[in-house]
Amino acid sequence: MSSGGALAAAAPHIGQAIGRRLDPERAESVGGGCIHAAWRVPAENGPVFLKTNAPGAAWLFEAEADGLAGLAEAGCIRVPAVLGTGSDAGMSWLALEWMDCRSGNHASHRRLGERLAALHCLPREAFGWRRDNAIGSTPQPNTPSSDWAEFFAERRLGYQLDVAARGGAPARLLDSGRRLQEAVPAILGDRQVAPALLHGDLWGGNWAADEAGEPFLFDPAVYCGDPEADIAMTRLFGGFSREFYGAYEATWPRAAGYETRIALYQLYHLLNHANLFGGGYVAQSESAIGALLARV
């Protein structure tokens with residue numbers, strides 16, 4: 001069955017679950033993702049943003065819905081409202097509020113920086129999260145810990161290295177990666193950091209502005225960690241302006257060792273990209289590991 005045919009078959013079940021009649025005949029495919037199919041589906045009371053995949057991907061949608069709920073509960077930055085998630089007629093799905101995405105202006109970037117800073121100021125009890133979720137399609141373990149260095153070394157770098165080993169990564173990457181994992185406490189040094197709620201995957205494609213220029217976030221991989229871990233991702237692929245960083249750093253100024261920590265936190269995402277896509281990300285990860293080990 002074609003993706004459009006599967007959507008038509010599932011639409012009555014989805015509509016009943018979210019309490020809105022869908023019109024799958026006028027659904028439009030939406031680009032931008034590499035994991036799920038995405039649709040703008042006309043419905044009663046306005047369109048719905050619908051993500052779909054095979055039934056086995058239901059856990060990814062449940063994790064995403066939970067992450068959006070966590071960000072919404074914080075009340076600092078707008079996120080799309082979760083309408084429902086489920087698995088029907090041979091597909092899993094996540095239904096969200098439809099939001100028109102704009103690139104925003106200088107004020108949008110500034111407000112994003114201010115609101116991210118406010119999010120990072122909210123007190124949290126421990127590093128980790130109330131459930132495991134995913135970074136892209138890679139599982140992301142979030143068992144809580146009171147020790148940030150231990151959490152990052154084991155549940156972030158260590159887990160990605162485990163995935164790399166299972167995927168046949170080069171021995172030199174694995175060997176140097178394990179040495180770096182052991183060196184994480186030394187790299188983080190005496191930094192005292194309180195747990196902050198993070199978006200977790202804050203690259204330039206995971207935020208936008210609405211028609212009024214108000215910023216909003218989507219596609220999270222939430223957990224509680226060092227606020228700099230979110231900033232590290234913003235700096236990995238670009239897409240964030242001077243206005244954003246100026247507004248953010250008015251609340252969270254850079255501290256000693258900032259550049260080294262940014263490189264360490266970026267490595268988590270580089271390893272994940274190497275595990276998902278291979279290619280140049282493998283060499284980039286090796287280079288990043290070598291540069292960090294040279295600073296220890």
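Here the structure is a predicted model, which means the values were calculated and not measured.
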For this output row, return yes or no: ring centroids of His109 and Trp207 closer than 6.0 angstrom.
yes
Give the ring-plane orientation class for Phe151 versus Trp148, where under 30° counts as parallel, over 60° as perpendicular and anything between as tilted.
parallel
Looking at the rings of Phe152 and Phe127, which for Trp means the six-membered one, are their centres under 6.0 Å apart?
no
Is the backbone of Gly213 close enough, under 3.5 Å, to the side chain of Arg111 for a donor and an acceptor to pair up by distance?
yes
Does Arg254 pair with Glu228 as a salt bridge, N-O distance under 4.0 Å?
no
Can you see whether Tyr223 has Arg156 sitting over its ring - NZ or CZ less than 6.0 Å from the centre and within 45° of the normal?
yes
Between Arg155 and Asp132, does any side-chain N to carboxylate O distance fall below 4.0 Å?
no
Under the criterion side chain to side chain contact (heavy atoms under 4.5 Å, CB included), I'd like the reasoning laid out for Asn133 against Asp66: C-alpha separation, chi angles, the key distance, then a yes or no.
CA-CA 9 Å; Asn133 48 31; Asp66 173 76; 5.5 Å; no
Given His199 and Ile77, is the side chain to side chain contact (heavy atoms under 4.5 Å, CB included) satisfied, shown in steps?
CA-CA 10 Å; His199 176 279; Ile77 309 177; over 6 Å; no
Classify the ring geometry of Phe218 against Phe216: parallel below 30°, tilted from 30° to 60°, perpendicular beyond 60°.
tilted
Basic-acidic side-chain contact under 4.0 Å: Arg295, Glu259:
no
Would the Phe237 and His269 ring centres measure less than 6.0 Å apart?
no
